[in-house]
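A short write-up of the structure that comes next.
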Amino acid sequence: MTAPTPALRERFLGSAHAALERLHQYAALLELDARDANVLDTLRRELHRLRGSSGSYGYAEAGELIADMEQRARTWALDASLDGDRRGALLRRLVDALYTAYGAAAESPTEIETREVWCVASPAERLGEWSKLGASSHMRFVPMHAGEFASRVQGRERPFALIAPADLGRALQVPDGLPMVLLSATLQPAAPGGRSFGAVTVVDQDIAADDLIVIIEQLAQRTSVSGGSVVILDDDPMILVLVRAICERAGLRTITIEDPAKLFMTLEDERPGVLLMDVQLPGTSGFELTRRIRASADWIALPVVLFSADTSPEARESAIVAGADGFLPKPVAPAELRTQLLARLEQMRQNRLANGLNPATALPEREAGRREAEQLFGAQRREGGALSAAVIRLRDPVDEVRWPHACASVAGALRGTDAVLSHYDNISLVATVRDGYYPMLRALNALRATDPEGTEPRWVLGFAEAITVGALNIDDLWHAAADAAAAALAAHQDNHVWTPEDSTRAPDVVIVEDDVAFADLLEYALHQEGYTYRVLRTGPEALEALRAMPVSSQKPVVFLDLDLPGLDGHAVHEALHIERPRDFVVVFLSAHAGDADQVRALRAGAADYLTKPVSLRVLLSKLPRWARQPRSGK
């Protein structure tokens with residue numbers, strides 16, 4: 001195995017230093033209560049993580065010291081009397097020894113601002129546990145009710161993160177980009193409607209406190225300046241290695257380039273939050289490139305920081321005149337570089353949020369994209385066209401570290417298709433186009449072909465056409481495309497085009513009819529009146545589909561024929577009446593006009609029984625009374 005690069009080793013030492021600060025905090029907690037089971041368990045986990053990485057980076061002595069303390073911590077959890085009140089002191093002694101083993105002078109932790117985590121209607125018994133461990137990560141857990149949360153958000157206050165029960169959290173009006181952890185007894189799909197990349201996750205309500213804190217930190221890295229991206233342009237490879245290590249230690253995703261000719265292509269591909277650029281470059285200068293950036297409508301708002309060995313007043317003035325946001329001298333001071341970059345990233349983050357863009361990807365958030373897509377929907381209604389949508393969904397949610405780069409690649413691939421692209425949820429994008437989905441399919445398949453990993457695409461595509469879906473609004477179309485993407489995942493496909501069988505949203509009307517001509521007539525009438533519908537042809541098919549159909553707030557109307565292949569209408573209706581008695585409004589449409597069939601249907605709960613030939617005028621006049629009844633209704 002090759003040895004870690006200097007940049008990787010420096011990055012590890014940065015994370016090890018942070019771990020030593022946490023161990024200092026745990027020592028203080030043990031001095032208050034040497035038998036605290038939560039602190040002991042968290043300490044053991046921290047030591048275990050640090051021991052494994054120390055050995056991997058060649059710090060064998062540190063690994064041995066940590067292994068001894070890890071074993072001691074395990075024994076402390078079993079024997080309350082062992083080492084008694086000496087536990088905190090022993091841990092402090094280990095920390096001092098580790099500073100020496102890592103080759104760093106012992107230093108006291110720097111003063112770090114405490115970050116507020118708002119806990120809306122969170123369990124009181126958990127708050128104390130979270131607060132005790134949160135102190136070591138500089139977090140303060142603040143309990144509040146939903147009304148107080150809404151009031152503070154309206155007053156433009158913003159916490160570091162939010163914790164809430166899943167059902168309540170999904171209903172809260174949460175600012176875009178705010179990290180949110182939802183507590184649930186069952187692990188449901190993560191993102192409430194409209195939430196975008198990295199902003200929310202669902203966890204077990206009994207999650208360990210230290211795991212919760214780690215998750216909050218990870219979410220914050222994805223949605224704030226930490227975890228943002230920086231492009232560095234310098235023709236000196238050694239400078240790139242050094243600056244990259246500093247940026248990565250600050251939690252930034254870093255892209256380095258040596259050739260100035262590749263700058264604008266890299267900006268298009270990566271959509272960074274800040275550009276760090278040398279002044280003296282082959283064939284051009286940082287001043288000239290900054291002027292070109294400021295002249296570009298796409299990049300006029302991009303923060304640019306220049307750095308140079310020439311620190312004369314003239315050089316600084318030239319940077320300002322060119323439009324740079326900052327100027328740093330070489331050699332670079334790590335603390336000053338971090339301060340400059342984080343300040344500029346926060347500037348860009350605020351700018352993106354103010355314009356409805358995702359801070360990490362610079363793409364529109366769901367609501368911003370929805371407003372633009374609604375204009376396409378309206379134009380299609382007025383002028384015609386094959387309005388279509390594609391949902392691009394991450395195949396493996398664990399791969400979300402690379403999701404911002406994938407978003408930039410997708411945006412670049414679709415640039416020539418006139419698609420409206422935005423976030424759909426935390427692991428999906430949605431693209432809407434007026435003239436059919438084939439140009440999008442070709443562009444995205446071409447992008448897949450350039451994937452260097454090449455084995456299995458990192459994302460799947462779900463397509464839907466408004467006319468096929470019977471969409472009444474853009475939400476219907478997007479939902480169908482999301483259903484198609486879910487079907488692609490389930491079938492291990494790369495692409496999938498929506499069919500009625502993929503739907504997870506109940507339509508307004510379900511037509512159960514084996515007479516194709518009569519079903520076509522019903523479809524035409526329903527489409528003209530603006531109802532969504534689905535057609536089923538046989539009794540067994542209908543019963544299976546209706547048993548599985550998700551019904552939320554309103555009951556679908558079922559137009560049910562009596563003579564059906566495989567299973568007659570009475571059997572279908574009576575089975576539904578037993579298994580799902582409050583989920584459907586059943587209306588029989590049959591050529592059988594006898595009293596016995598009508599009485600049997602109505603006694604079993606049918607809303608009406610109309611005999612064929614059916615007057616469409618009468619049927620459509622009755623339909624509003626049946627359709628869209630609340631599910632809670634009798």
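Positions are given from 1, in the same order as the sequence printed here.
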Minimum heavy-atom distance between [X] and [Y], given as atom pair plus value:
X      : Y      : value
Met277 : Gly286 : CE-O, 3.6 Å
Gly273 : Met348 : O-CB, 3.4 Å
Lys132 : Leu29  : O-CD1, 3.6 Å
Gly326 : Arg344 : CA-NH2, 4.4 Å
Thr290 : Ala322 : CG2-O, 3.5 Å
Ser184 : Val202 : CB-CG1, 3.7 Å

Any side-chain heavy atom of [X] within less than 4.5 Å of one from [Y]?
X      : Y      : answer
Glu64  : Tyr59  : no
Thr42  : Ile213 : no
Phe327 : Ser308 : yes
Leu162 : Leu172 : yes
Phe287 : Leu306 : yes
Thr256 : Asp234 : no
Leu281 : Leu289 : yes

Salt-bridge criterion met for [X] and [Y] (N-O under 4.0 Å):
X      : Y      : result
Arg93  : Asp96  : no
Asp68  : Arg72  : no
Lys330 : Asp236 : no

### Sequence-distant partners of Trp76, side-chain hydrogen bond (donor to acceptor under 3.5 Å, both in side chains), two or more places apart
Asp83
### Sequence-distant partners of Glu116, side-chain hydrogen bond (donor to acceptor under 3.5 Å, both in side chains), two or more places apart
Trp118, Arg140
Without swapping roles, check the side chain of [X] against the backbone of [Y] for a donor-acceptor pair under 3.5 Å.
X      : Y      : value
Arg87  : Ala34  : yes
Arg271 : Ala362 : no
Asp310 : Ser312 : yes
Arg126 : Ile207 : yes

Gap between atom [atom2] of [Y] and atom [atom1] of [X] - 0.5 Å precision:
X      : Y      : atom1 : atom2 : result
Leu212 : Asp206 : CG    : CG    : 12.0 Å
His423 : Asn358 : NE2   : CG    : 3.5 Å
Ile66  : Leu98  : CD1   : CG    : 5.0 Å

### Task
Count the heavy atoms of every other residue, nucleotide or ligand shown that sit under 6.0 Å from CD of Glu148, and state whether that count exceeds 12.
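More than 12 within 6.0 Å, yes.
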### Message
Would you call the rings of Tyr99 and His24 parallel, tilted or perpendicular, taking 30° and 60° as the class edges?
### Response
tilted
### Query
Of all residues at least two apart in sequence or in a different chain, which pass the salt bridge (charged side-chain N to carboxylate O under 4.0 Å, His left out) check with Arg74?
Glu70
